[in-house]
Amino acid sequence: MQSMIKGLLDFAQVGGEDVEFEAVELDELFDDMRLDLRSRIKRSGAEVTLAPGLPTVTSWRMGLERVFANLLDNALKYGGEPPRIEVESRRRDGWTEVLVRDHGGGVDPADRERILKDYGRLNPVAEGLGLGLSIVKRILTRVGGELRLETPAEGSGACFVVRLPETPVLRG
């Protein structure tokens, strides 16, 4: 019950939080997150690889922490046995894209839209409310960003792409 209440509060609060844009060094952000998750990473035998030279972006640091914490958490849950997670970036058409890729079972094309909606879960008995990716989308919308799901081939893992505009835009 506490988990459900916390999830609903997190979901509701995203639209009302103060957003301050600042330079966010993604190398540093992900290093901090790996430290925070080190016991889970060790316990699961996960391998988390960061591509060298992740960029610095201008965005909402606290929001990005929540975005990437959720994506890493999902990759640890669904990224295979043991989980293999890769983080890399690319610049494309005025966007900085950060890719969080796992090597789990992937997401069936029929389910791609559903998991990006509120309460969208693939496994009805899994923990959580299915709000994690909804919170990610809300945060990214606030900073003018987007979330996309790329799955190269069925069973080859999932790749979530966080798209951040090179010029931040506050929405909502």
Side-chain angles (χ1 to χ4, degrees), residues 2-17 19 24 26 29-30 33-34 36-37 40-41 44 46 48 50 54 57 59-80 83-90 92 95-165 168-172:
Q2 285 178 330
S3 175
M4 182 173 29
I5 292 169
K6 183 185 178 328
L8 290 170
L9 285 173
D10 285 348
F11 184 69
Q13 288 174 344
V14 169
E17 292 180 275
V19 173
V24 180
L26 293 178
L29 182 104
F30 278 102
M33 296 181 105
R34 282 195 305 189
D36 291 344
L37 293 168
R40 271 192 70 201
I41 290 170
S44 69
V48 181
L50 303 180
L54 293 175
V57 295
S59 194
W60 178 29
R61 181 180 180 88
M62 187 171 69
L64 290 185
E65 287 172 355
R66 290 170 71 183
V67 163
F68 292 119
N70 180 280
L71 295 178
L72 288 175
D73 181 63
N74 284 348
L76 285 168
K77 285 182 203 170
Y78 309 114
R84 284 187 18 236
I85 304 163
E86 300 163 359
V87 178
E88 62 186 79
S89 66
R90 63 189 179 207
R92 185 180 280 178
W95 296 87
T96 297
E97 297 182 337
V98 181
L99 293 75
V100 179
R101 179 179 291 115
D102 69 48
H103 293 271
V107 179
D108 186 287
D111 294 323
R112 288 183 190 166
E113 290 299 317
R114 185 168 50 120
I115 68 166
L116 296 175
K117 292 184 179 174
D118 299 349
Y119 307 103
R121 296 185 310 176
L122 294 180
N123 182 349
V125 295
E127 66 180 64
L129 298 173
L131 289 174
L133 292 175
S134 295
I135 291 170
V136 165
K137 283 180 57 179
R138 274 190 174 196
I139 290 169
L140 292 173
T141 297
R142 291 227 40 219
V143 298
E146 300 173 356
L147 178 67
R148 293 190 177 166
L149 172 60
E150 296 176 358
T151 302
E154 192 171 330
S156 65
C159 180
F160 285 92
V161 180
V162 172
R163 300 185 80 222
L164 299 167
V169 177
L170 181 60
R171 294 195 172 114

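Keep in mind it's a predicted model, so treat the numbers as computed, not measured.
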- CA sep, side-chain torsions, deciding dist, call: L26, V98, side-chain contact (heavy atoms from CB on, under 4.5 Å): CA-CA 9 Å; L26 293 178; V98 181; 3.5 Å; yes
- With R163, which residues qualify under side-chain contact (heavy atoms from CB on, under 4.5 Å), at least two apart?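 Applying side-chain contact (heavy atoms from CB on, under 4.5 Å) to R163 gives W95, E97, E146, R148, V161.
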- Query: Residues in side-chain contact (heavy atoms from CB on, under 4.5 Å) with S44, at least two apart?
  - Reply: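 Checked S44 against side-chain contact (heavy atoms from CB on, under 4.5 Å); matches are A46, L76, P83.
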Quick one: does [X]'s side chain get under 4.5 Å of [Y]'s, heavy atoms only?
{"X": "E65", "Y": "V24", "result": "no"}
{"X": "L72", "Y": "F30", "result": "yes"}
{"X": "N74", "Y": "V100", "result": "no"}
{"X": "L164", "Y": "L140", "result": "yes"}
{"X": "V57", "Y": "L64", "result": "yes"}
{"X": "I85", "Y": "R101", "result": "no"}
{"X": "R34", "Y": "L50", "result": "yes"}
{"X": "F68", "Y": "V87", "result": "no"}

- Item | Approximate separation, where rounding is to 0.5 Å, of W60 CH2 and I139 CD1 |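 Going from CH2 on W60 over to CD1 on I139, the span is 5.5 Å.
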- Task: Count the heavy atoms of every other residue, nucleotide or ligand shown that sit under 6.0 Å from CZ of R84, and state whether that count exceeds 12.
- Result: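 It does not: R84 CZ has 12 such atoms or fewer within range.
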- Mind running side-chain contact (heavy atoms from CB on, under 4.5 Å) on L71 and L133 for me, showing each step along the way? CA-CA 8 Å; L71 295 178; L133 292 175; 3.8 Å; yes
- With V143, which of P168, P165, S59 fulfils side-chain contact (heavy atoms from CB on, under 4.5 Å)?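 Of the listed options, the one satisfying the test is S59.
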